[in-house]
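Data first, discussion second: the structure below is written as structure tokens.
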Amino acid sequence: MEWYEELGFDENPFKKEVGMVGRKSLANEIFYHIEAGNITIVEGGEGAGKTELLKEVIRGYGGNGKVVYVSGKKFANGINIERLINKKYSFLGWLFNKNPRGMILLMDDVESLTETNCERLKYYFDQNYIRSIVFTTSNKEKINFTPSLYHRVRNSFKLEPLTEDEAVEIIKKRIGTLLPEQAVRKLFEDSNNNYRKFLKDCELHCRQLNLKEGAA
Amino acid sequence: MMTWYKKLGFFNNPFSIKPAPYSDELAGYDNVLREISFNILSGKVQFVLGSYGEGKTALLKRVINDFGGKKELIYFSCNRLDRGLDLESLLAGRYGLLGKLFSIKPKNMILLLDEAQCLTEEDYRAILRYKNSGYLRSVVLVGAAFDKGKFTPTPILMSLSGITADDSVRLVRERVGNISLLSNDSIKFIFENSNKNPRELLKNCEEICRYAVENSKGAVTKEIVAEALKLTDAAEEARKEPPKKFEHKKEDWSVYREVLKDGNRIAFGAEPKKEAPKSGPKIDSPKQEERADVPKPELLSVAKPQNKQPAVDARKQNLAPTVQEANTPLAEKELIEKNYY
């Protein structure tokens with residue numbers, strides 16, 4: 001029996017999807033800009049919730065097929081965006097007459113962009129094959145946008161790190177009241193805004209709970 | 001959550017910055033378009049110079065619409081180049097998606113090159129060679145910076161010198177029609193506050209209209225403009241700032257970062273690579289402090305409606321002999337425009 005099964009969970013509560021917490025207004029902004037056909041950048045440190053934000057977008061669009069999610073790391077290593085677009089649609093569709101338009105491109109954790117890819121993005125965006133783009137990154141200065149692409153960026157948002165309350169809420173969503181709130185807050189302080197460390201610590205504590213169970 | 005434009009009855013964002021998706025009109029650029037078309041039909045090589053957001057891509061799209069029907073066009077964007085411009089492949093249509101749109105007729109093609117500031121001297125000479133051999137009927141180069149040293153012999157140079165306030169009203173009306181939310185005066189006011197840049201204008205209109213609709217204002221007034229723009233100031237500043245660590249191989253990029261930063265319209269390029277300072281024009285990357293001393297060179301401006309035949313007049317004024325061109329310092333108010341073709 002896994003430790004979480006002993007505690008009554010079906011799956012590891014620290015690995016499952018729980019959705020986004022807080023950030024409602026930012027998510028709404030992003031949804032607006034996607035609808036309006038704009039390019040936006042979301043900047044945030046590690047663990048701030050960039051990927052979660054994009055997942056929220058994917059959930060919001062409910063699998064209607066137009067959202068393409070790409071991890072930026074893969075992208076920097078030479079993914080050809082033309083192939084990316086074409087993969088989504090058939091070869092025949094590629095030949096313009098049946099061209100599909102209005103793709104929503106989510107580029108997660110972008111660290112750098114080649115000139116060629118910048119130019120392709122710009123071209124497809126201008127022609128409306130891509131309806132809108134959301135870039136997330138830890139530092140937009142590093143990305144090396146070409147001036148013509150950068151000039152098209154509509155807005156740039158900063159994703160602040162999670163607050164203590166938000167962190168507490170996330171843990172509650174995951175494990176209910178298994179850990180006392182005080183303990184969770186203490187763990188959050190100790191993690192020093194490192195969300196992954198915070199999660200790991202919480203999980204460790206839960207595992208120890210399990211061991212203590214027998215003694216208690 | 002209904003978007004503001006849906007509330008007003010629009011299906012899509014009417015202020016989308018994608019180049020001219022809504023109309024055939026390019027407000028303020030009728031003259032430029034005529035000029036460009038004339039030059040294409042006369043088989044010339046021309047360079048259209050304009051900074052970001054002014055409408056270069058929109059112009060190109062229009063040209064493609066006008067001339068592309070007969071499948072005689074090749075469009076390519078030069079900052080996709082990994083190595084030098086490979087005209088052979090371009091002509092054979094091996095540059096993928098874009099080349100595919102236009103069928104491959106090896107002779108008499110019209111070549112449209114976007115981001116032409118990325119071209120090297122060798123590229124330009126190759127273009128001229130292909131032109132002289134009859135593969136290319138006419139060449140249109142479009143870019144954000146023009147380095148005279150690279151493009152020798154000089155093509156016909158046209159600079160987008162901006163649109164007027166009335167043009168800006170036309171531009172916006174094309175997209176939204178006669179809605180009462182925006183008066184012509186408020187459009188002009190927004191235009192003034194957008195550095196007179198068409199793209200900025202569109203972005204600000206979107207911001208302002210969104211603000212007005214979401215806050216249930218009936219009509220956009222100057223106060224509303226100020227409020228809406230102020231709210232996005234922080235975001236705007238963050239966005240307007242060009243990336244600081246911009247390590248691009250091509251030296252030209254630094255020049256139009258300068259252009260972007262202080263809106264100065266000098267866009268001549270950095271020091272040319274050629275080691276012939278005596279014969280080549282001395283082109284210095286203008287520094288902030290020195291800029292005040294350099295009188296702005298007058299570039300051919302065809303976008304002003306008051307000139308009936310601006311292009312022709314400018315040509316009459318500028319019959320500079322060819323030989324002296326190379327030695328003329330940039331600071332002189334002379335349009336170097338010599339037709340070699």
Side-chain angles (χ1 to χ4, degrees), chain A residues 27-29 31-41 43 60 80-83 85-86 94-97 99 101-102 112-132 139-158, chain B residues 1 3-6 12-19 21 51-53 56-58 60-61 75 77-82 96-98 100-101 114-115 117-118 144 197 199-200 203 206-207 210 214 232 234-250 253 256-257 259-260:
Chain A
N28 284 338
E29 273 298 298
F31 273 113
Y32 167 75
H33 285 296
I34 291 178
E35 275 301 300
N38 292 329
I39 300 180
T40 46
I41 301 177
E43 254 186 311
N80 181 330
I81 196 167
E82 276 164 11
R83 248 181 269 138
I85 293 184
N86 300 334
W94 194 45
L95 288 184
F96 277 54
N97 294 336
N99 63 71
R101 294 192 169 220
S112 69
L113 278 177
T114 62
E115 259 188 278
T116 320
N117 279 329
C118 281
E119 181 44 33
R120 289 180 185 130
L121 284 173
K122 176 188 140 208
Y123 175 76
Y124 287 112
F125 176 75
D126 280 351
Q127 301 291 323
N128 207 25
Y129 293 106
I130 298 177
R131 179 194 188 136
S132 44
N139 182 359
K140 75 174 186 230
E141 310 287 309
K142 283 193 325 195
I143 296 184
N144 261 354
F145 285 106
T146 54
S148 51
L149 180 60
Y150 192 71
H151 199 264
R152 284 162 167 75
V153 171
R154 179 71 174 77
N155 260 336
S156 177
F157 299 98
K158 269 203 133 63
Chain B
M1 178 195 70
T3 53
W4 65 270
Y5 53 86
K6 289 215 162 105
N12 283 314
N13 176 7
F15 295 120
S16 161
I17 59 165
K18 299 177 195 227
S51 61
Y52 297 109
K56 299 191 293 297
T57 309
L60 273 185
K61 259 192 115 168
Y75 166 90
S77 194
C78 296
N79 57 1
R80 288 177 63 193
L81 292 172
D82 303 313
L97 201 64
L98 300 175
K100 272 171 167 271
L101 181 61
D114 205 349
E115 309 283 350
Q117 68 274 356
C118 298
N197 180 297
R199 187 180 284 147
E200 293 299 318
K203 289 183 182 181
E206 181 192 339
E207 204 62 51
R210 182 185 175 198
E214 286 178 359
T232 60
E236 285 290 314
E237 280 318 302
R239 193 189 50 76
K240 269 190 193 144
E241 200 59 42
K244 291 184 183 93
K245 277 193 265 181
F246 203 48
E247 276 133 28
H248 255 290
K249 319 171 260 279
K250 306 185 174 64
W253 293 118
Y256 41 99
R257 249 187 304 162
V259 174
L260 285 175

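Per chain, numbering begins at 1; letters A, B, ... match sequence-line order.
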[atom2] on [Y] to [atom1] on [X], rounded to 0.5 Å:
X: A:Phe31; Y: B:Thr3; atom1: CZ; atom2: OG1; answer: 13.5 Å
X: A:Tyr123; Y: B:Glu115; atom1: OH; atom2: CD; answer: 13.5 Å
X: A:Glu119; Y: B:Asp114; atom1: CD; atom2: CG; answer: 6.5 Å
X: B:Thr57; Y: A:Arg152; atom1: OG1; atom2: CZ; answer: 4.5 Å
X: A:Ser148; Y: B:Gln117; atom1: OG; atom2: CD; answer: 7.5 Å
X: A:Arg120; Y: B:Ser77; atom1: CZ; atom2: OG; answer: 11.0 Å

Subject >> Derivation and outcome, side chain to side chain contact (heavy atoms under 4.5 Å, CB included), residues A:Asp126 and B:Lys61 >> reply: CA-CA 10 Å; A:Asp126 280 351; B:Lys61 259 192 115 168; over 6 Å; no

Original post:
Side chain, backbone, both or neither: which part of A:Lys158 has a non-hydrogen atom closer than 4.5 Å to chain B?
Top reply: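 Contact with chain B is absent: no heavy atom of A:Lys158 under 4.5 Å.
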
**OP:** For B:Lys18 and A:Arg131, indicate whether the former's side chain and the latter's backbone hold a donor-acceptor pair under 3.5 Å.
**Re:**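 Checking the backbone N and O of A:Arg131 against the side chain of B:Lys18, a donor-acceptor pair under 3.5 Å is found.
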
**OP:** Carefully, step by step, assess A:Tyr150 and B:Tyr52 under the rule side chain to side chain contact (heavy atoms under 4.5 Å, CB included).
**Re:** CA-CA 10 Å; A:Tyr150 192 71; B:Tyr52 297 109; over 6 Å; no

**OP:** Write down the atom of A:Ala36, the atom of B:Glu206, and the distance for their closest heavy-atom approach.
**Re:**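 Closest heavy-atom pair between A:Ala36 and B:Glu206: CB-OE2, 3.8 Å.
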
**OP:** Side chain from CB out, backbone as N, CA, C, O: work out which of these in B:Lys6 comes under 4.5 Å of a heavy atom of chain A, or both, or neither.
**Re:**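 Side chain only.
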
**OP:** Just do the side chain to side chain contact (heavy atoms under 4.5 Å, CB included) check on B:Phe15 and A:Asn38 with the steps written out, would you?
**Re:** CA-CA 10 Å; B:Phe15 295 120; A:Asn38 292 329; over 6 Å; no

